[in-house]
Peer 1: 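Handing you a structure now.
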Amino acid sequence: MAMPRKKPKSFKSDGTPKKRWSAAERAARGHKPRRSGGVRNPEARSGRFDRDDRARDRDDRGSRYEDRGFGREGNRDRDRGRRDDRGWRDDRGSGQRWGGSRSRYGWREDRDDSRERGGDRGDRFARRRDDFRGRDGERRRDDHEGREKRRRRDRDFDRDFRRDDRPRGFRGSRRDHQEHPYGRRDHERRGHYDRRSGKARGHFRESRYFDPVEQDQMSWEATTVEVEVTDDDATSGFAELGVAAPMVAALKQQGITEPFPIQRATIADAIAGRDVLGRGRTGSGKTLAFGLPLLTRLAVDEPTGSPRAVILTPTRELALQIADNLSPLATVMGLRLHLVAGGMAYGPQIKAFERGVDVAVATPGRLIDLLEQGIADLSRVEVMVLDEADHMSDLGFLPAVTTILDAVPADGQRLLFSATLDGAVDELVRRYLADPVTHEVDSGKASVTTMTHHVLHVVPHHKNQVTAEIANREGRTVVFARTQMGTDRIARQLREAGVMAGALHGGLTQGARARILAAFKRGEVPVLVATDVAARGIHVDDISLVLQVDPPKTNKDYLHRAGRTARAGEEGAVVSVVLPHQRKQMRRIVGQAGVRTEPVEVVPGSDELAGLTGARPCLGAPVTEADYQALIAPRPQQRRRPGGGRGRGPWRRGDRRDRGHRGERG
DNA sequence: AAAAAAG
């Protein structure tokens with residue numbers, strides 16, 4: 001079969017044949033090896049810190065496990081991996097699986113991962129075959145059929161497993177997974193040796209508390225403020241809605257005096273204790289719309305020690321933001337509010353529950369975790385808030401959300417906020433809300449007049465350059481891409497083109513997520529390349545352009561992404577770069593989003609491009625890795641207070657925050 | 001099919 005391929009196998013969307021890179025060329029471009037006959041990728045994945053630290057950590061922990069008697073099998077397994085002459089195991093696979101908290105790069109990674117595990121699987125088969133023959137010679141006759149069967153079964157098993165994107169070691173058996181949204185937990189408490197991954201797993205202090213990845217966490221502390229209540233606080237727009245005076249005063253201190261439409265619409269009903277279904281774009285002031293009535297109502301009764309209100313959000317960043325915004329209001333009302341989110345240290349959250357929490361702002365996973373550990377008690381929750389309910393009712397989220405909703409007393413008040421009301425949200429509403437009042441402020445369409453929309457048609461070989469020139473504009477830009485790997489790649493390509501850009505996605509550690517977001521807020525990294533993790537709720541001032549390099553999946557996603565710009569009456573543009581094969585899809589999405597705009601054909605360097613988006617040619621030198629890392633490096637002084645005492649002491653969170661957000665406004 | 005959400 002040495003015949004050279006005459007006909008090109010595939011074509012680009014503009015009709016020209018696709019270049020088939022050789023193995024060396026692929027490697028030089030940083031791609032992974034082909035599925036057959038590739039070379040080992042010399043420059044594995046991004047993340048200098050991650051790789052080195054994890055490799056070191058792996059070795060450290062390997063020896064610790066040996067002490068515990070887990071090491072021998074683990075080592076044997078790793079040695080087998082090293083013998084694998086495809087050679088990917090050492091350089092990224094095991095390192096990632098030791099340190100990484102979850103599958104990192106979507107399906108492509110999964111596919112590679114499964115291939116990588118092919119070595120293991122082969123061995124397992126070999127072992128089984130040996131068992132087979134050794135045990136019973138007679139059965140050797142139907143060995144072939146048996147092998148086929150086993151292969152099929154194993155393949156199905158693997159396929160089912162891969163559908164589950166919890167980290168490998170935490171998956172439990174298939175049956176466990178079906179019964180519990182997060183799998184069984186009793187294996188892991190005791191610690192066990194996981195044959196599939198060849199790792200020791202379990203509740204070991206070492207792995208939980210000394211893991212450098214885990215230490216790459218951000219922290220959260222409650223905000224303390226002092227307010228003076230004056231007489232005219234009783235007459236402001238908020239007071240008329242029934243908001244308690246201390247909060248009115250605190251809001252005035254922040255320059256917030258008049259309620260937004262959605263707040264005006266929902267606050268009175270919510271204070272009256274009714275179930276509320278609020279529909280409005282993010283950025284329309286939803287946080288206060290549920291926060292103020294919730295805190296007003298809670299302050300009336302004596303604290304019970306266990307949470308009386310839970311606010312549930314789909315992303316950690318959003319939970320953080322809500323907790324930051326509501327924390328000062330809670331303190332002036334004498335209520336204790338705490339953040340309960342994954343990726344962050346357990347200690348402060350556990351301590352908070354020990355001291356007593358009135359309001360928990362939570363992401364689902366960690367809350368369930370604490371619930372199952374018996375740390376959080378939701379049996380006395382009076383008010384339950386679901387933010388971004390349309391996202392929370394996604395297939396992947398729903399089990400966790402209903403678990404929490406079921407753990408909360410059924411007769412409590414429920415406030416549900418959602419940008420849209422589709423079937424899934426409706427189901428949640430019917431199951432958990434009693435006689436809700438619906439308030440709709442913005443429709444599900446793009447109604448902000450300060451926002452302009454552009455659809456740019458480009459040919460494939462121009463896309464990267466057009467992207468880079470737009471990103472090189474003046475001002476803060478968010479670039480949305482579909483996949484985690486895509487954001488990493490685009491951010492890297494932008495830096496190579498001389499544009500300071502960083503990637504934000506759920507595959508990063510929480511600390512890395514926080515740092516890149518902080519650098520973006522400070523303005524030091526003016527371009528943020530993000531997955532849809534940043535599409536909802538995240539508020540950063542002065543984002544003047546949202547660039548979509550991959551089309552959003554739905555019109556909802558379009559509007560959520562668009563909602564990052566043109567906030568609070570500012571100007572903003574939403575620009576979508578569209579390839580020929582995406583035109584139809586994009587036209588549909590834009591139309592459904594209620595946007596009227598004519599697509600424009602653009603080429604790099606053109607006047608139209610510059611006129612519509614402020615694009616500038618990329619003339620600067622590539623951003624060096626060192627320069628970039630310096631901007632997103634951990635800043636210990638932001639996260640550690642002198643003296644060490646947590647939750648006490650003279651330091652005020654306000655001081656800290658001022659420093660952390662240095663330069664945010666210019 | 002992706003991303004998000006626990007460690």
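This structure is a prediction, so every number in the text was calculated from the model and none was measured.
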Peer 1: Go through the structure and list residues passing salt bridge (charged side-chain N to carboxylate O under 4.0 Å, His left out) with A:Arg495, not counting sequence neighbours.
Peer 2: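 Result, salt bridge (charged side-chain N to carboxylate O under 4.0 Å, His left out) vs A:Arg495: none returned.
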Peer 1: Going by side-chain hydrogen bond (donor to acceptor under 3.5 Å, both in side chains), name the residues that satisfy it together with A:Arg431, two or more places apart in sequence or in a different chain.
Peer 2: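 A:Arg431 satisfies side-chain hydrogen bond (donor to acceptor under 3.5 Å, both in side chains) with no other residue.
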Peer 1: Output the single nucleotide from B:dA1, B:dA3, B:dA5 whose closest atom is nearest the side chain of A:Phe397.
Peer 2: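 Closest nucleotide to the A:Phe397 side chain: B:dA5.
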Peer 1: Would you mind reading off the distance between A:Arg482 atom CZ and B:dA3 atom C1', rounded to a whole angstrom?
Peer 2: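 Computing the A:Arg482:CZ to B:dA3:C1' distance gives 10 Å.
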Peer 1: OP1 or OP2 of B:dA4 sitting under 4.0 Å from any side-chain N/O of A:Thr531?
Peer 2: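 Checking B:dA4 against A:Thr531, a side-chain N or O does come within under 4.0 Å of OP1 or OP2.
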Peer 1: What integer distance in Å separates A:Asp550:CG from B:dA3:P?
Peer 2: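 Answer to the nearest Å: 11 Å.
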Peer 1: Taking the minimum atom-to-atom distance to the side chain of A:Lys553, which one of B:dA3, B:dA1, B:dA5 wins?
Peer 2: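 From the listed options, B:dA1 comes nearest.
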Peer 1: Output the rounded distance in Å from CG (A:Leu312) to C1' (B:dA4).
Peer 2: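 From A:Leu312 CG to B:dA4 C1': 13 Å.
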Peer 1: Find the distance A:Arg536:CZ to B:dA5:P and express it as a whole number of Å.
Peer 2: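 Nearest whole value for this atom pair: 13 Å.
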Peer 1: Are a donor atom and an acceptor atom from the side chains of A:Asp488 and A:His505 found within less than 3.5 Å of each other?
Peer 2: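 Short answer, yes.
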Peer 1: Measuring centre to centre across the rings, with the benzene-like ring taken for any Trp, is A:Tyr558 within less than 6.0 Å of A:His453?
Peer 2: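 So the answer is yes for these two rings.
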Peer 1: Heavy atoms from C-beta onward define the side chain here; which of B:dA5, B:dA3, B:dA1 lies closest to that of A:Thr483?
Peer 2: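 The answer is B:dA3, which lies nearest to the side chain.
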Peer 1: Roughly how many Å is it from CD1 in A:Ile538 to C1' in B:dA4, rounded to a whole number?
Peer 2: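 From A:Ile538 CD1 to B:dA4 C1': 12 Å.
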Peer 1: Closest to the A:Thr363 side chain: B:dA5, B:dA1, B:dA3?
Peer 2: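 The answer is B:dA5.
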Peer 1: How many Å lie between CG on A:Leu367 and C1' on B:dA4, as a whole number?
Peer 2: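 So the CG-C1' distance, A:Leu367 to B:dA4, works out to 16 Å.
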Peer 1: Let me know the distance between CD1 of A:Ile368 and P of B:dA4, rounded to the nearest Å.
Peer 2: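 Answer to the nearest Å: 18 Å.
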Peer 1: Calculate the interatomic distance between A:Asp532 atom CG and B:dA4 atom C1'; express it in whole Å.
Peer 2: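 Rounding to the nearest Å, CG of A:Asp532 and C1' of B:dA4 are 10 Å apart.
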